[in-house]
Amino acid sequence: MTSPVSTAAHRTLKLHEWLVLLFLLILCNGVRAATAYKCVDASGAISFQPTACAASQHATEIELAPARPAAPSPQYAIDRTPSTSLRQRNVRIARAKTETAYECRTSGGDIFYRLSHCPHSIGEKSSDRRGASTAPGGTVSSRPVSRDLACSEMRRAGAVGRKGHEYDETVSTYDRNLGKDPCK
């Protein structure tokens with residue numbers, strides 16, 4: 001035995017149904033209550049209704065004010081022209097892209113990048129759990145490179161594998177969120 005299966009859970013409205021729905025919406029939109037009635041019965045119960053009260057109730061007619069027309073959107077005092085601060089920011093960013101950064105090399109062969117000058121020396125690295133030194137620190141030599149190169153080297157996916165990446169200059173998340181990232 002086969003069970004009947006519903007083929008259409010939802011159906012679309014036909015044209016005449018859309019027209020009836022549109023007519024009802026227009027009719028509802030145009031209906032405004034101008035008068036309401038306050039009805040008080042013998043027990044003191046109060047009700048408000050759009051039709052006249054029953055003969056056994058005390059009726060008070062209330063005139064309703066017509067609905068106010070919709071207010072236009074406010075005009076805010078926003079300057080629509082690009083501000084000078086945006087222009088200055090764009091100039092500052094363009095200038096920062098061409099500024100120099102530094103490739104720093106330690107005497108142990110580690111390479112790291114700084115947006116400011118390199119330090120004169122680096123202390124010992126210890127990555128062993130016992131605190132044993134795995135590589136001696138040493139003096140640092142620097143070479144000027146473009147800021148674009150330094151930023152791309154610090155942010156590239158393979159930077160973690162480069163010896164010395166832990167000395168790269170990083171910008172805090174707070175400064176980055178404030179727009180103070182010099183690599184942008």
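Sequential numbering from 1 along the given sequence is applied to the chain's residues. Quick caveat, the model's predicted, so the values are computed rather than measured.
Here the closest heavy-atom approach between residue Gly138 and residue Ser107 is recorded as CA-OG, 3.4 Å. Nearest approach of Val140 to Pro119, heavy atoms of both residues: CB-O, 3.2 Å. Minimum interatomic distance between Cys183 and Arg155 (heavy atoms only, all atoms of both residues): CB-NH2, 3.4 Å. Heavy-atom minimum distance, Ala101 versus Arg114: CB-O, 3.3 Å. Here the closest heavy-atom approach between residue Met154 and residue Ala159 is recorded as O-CB, 3.8 Å. Nearest heavy atom pair, residue Tyr102 against residue Cys118, reads CB-SG, 3.6 Å.
Using a 4.0 Å cut-off between a side-chain N of Lys or Arg and a carboxylate O of Asp or Glu, Arg143 and Glu103 qualify as a salt bridge. Ionic pairing of Asp168 and Arg162 is present here: one or more N-O contacts between side-chain nitrogen and carboxylate oxygen are shorter than 4.0 angstrom.
The salt bridge (Lys or Arg N to Asp or Glu O under 4.0 Å) analysis of residues 48-66, with sequence neighbours excluded, yields no pairs.
Put simply, OG on Ser47 and CG on Asp41 are 7.5 Å apart, with the number rounded to the nearest 0.5 Å.
His117 places none of its side-chain heavy atoms less than 4.5 Å from the side chain of Ser142. Side chains of Cys39 and His58 form no contact here, defined as non-hydrogen atoms less than 4.5 Å apart.
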Please test Leu115 against Cys151 for side chain to side chain contact (heavy atoms under 4.5 Å, CB included), starting from the C-alpha separation and ending with a verdict. CA-CA 8 Å; Leu115 301 175; Cys151 290; 4.1 Å; yes
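Gln49 and Tyr37 are not linked by any side-chain donor-acceptor pair at a separation below 3.5 angstrom, with hydrogens and angles left out of the test. Of the N and O atoms on the side chains of Ser146 and Asp148, not one donor lies less than 3.5 Å from an acceptor on the other residue.
Tyr113 and Tyr167 sit in two unconnected hydrophobic clusters of ILVMFWY residues. Membership requires side-chain heavy atoms under 4.5 Å apart, directly or through other members. By the criterion of side-chain heavy atoms lying less than 4.5 angstrom apart, applied directly or through intervening Ile, Leu, Val, Met, Phe, Trp or Tyr residues, Ile46 is grouped together with Ile62 in one hydrophobic cluster.
Partners of Thr51 according to the side chain to side chain donor-acceptor pair (under 3.5 Å) rule, which considers only residues two or more places apart in sequence or in another chain, do not exist here. By the salt bridge (Lys or Arg N to Asp or Glu O under 4.0 Å) test, Glu153 is found to be paired with Arg156, residues two or more places apart in sequence or in another chain being considered.
Judged by distance alone, with hydrogens and angles left aside, the side-chain atoms of Arg176 form a donor-acceptor pair with the main-chain N or O of Val171 at under 3.5 Å.
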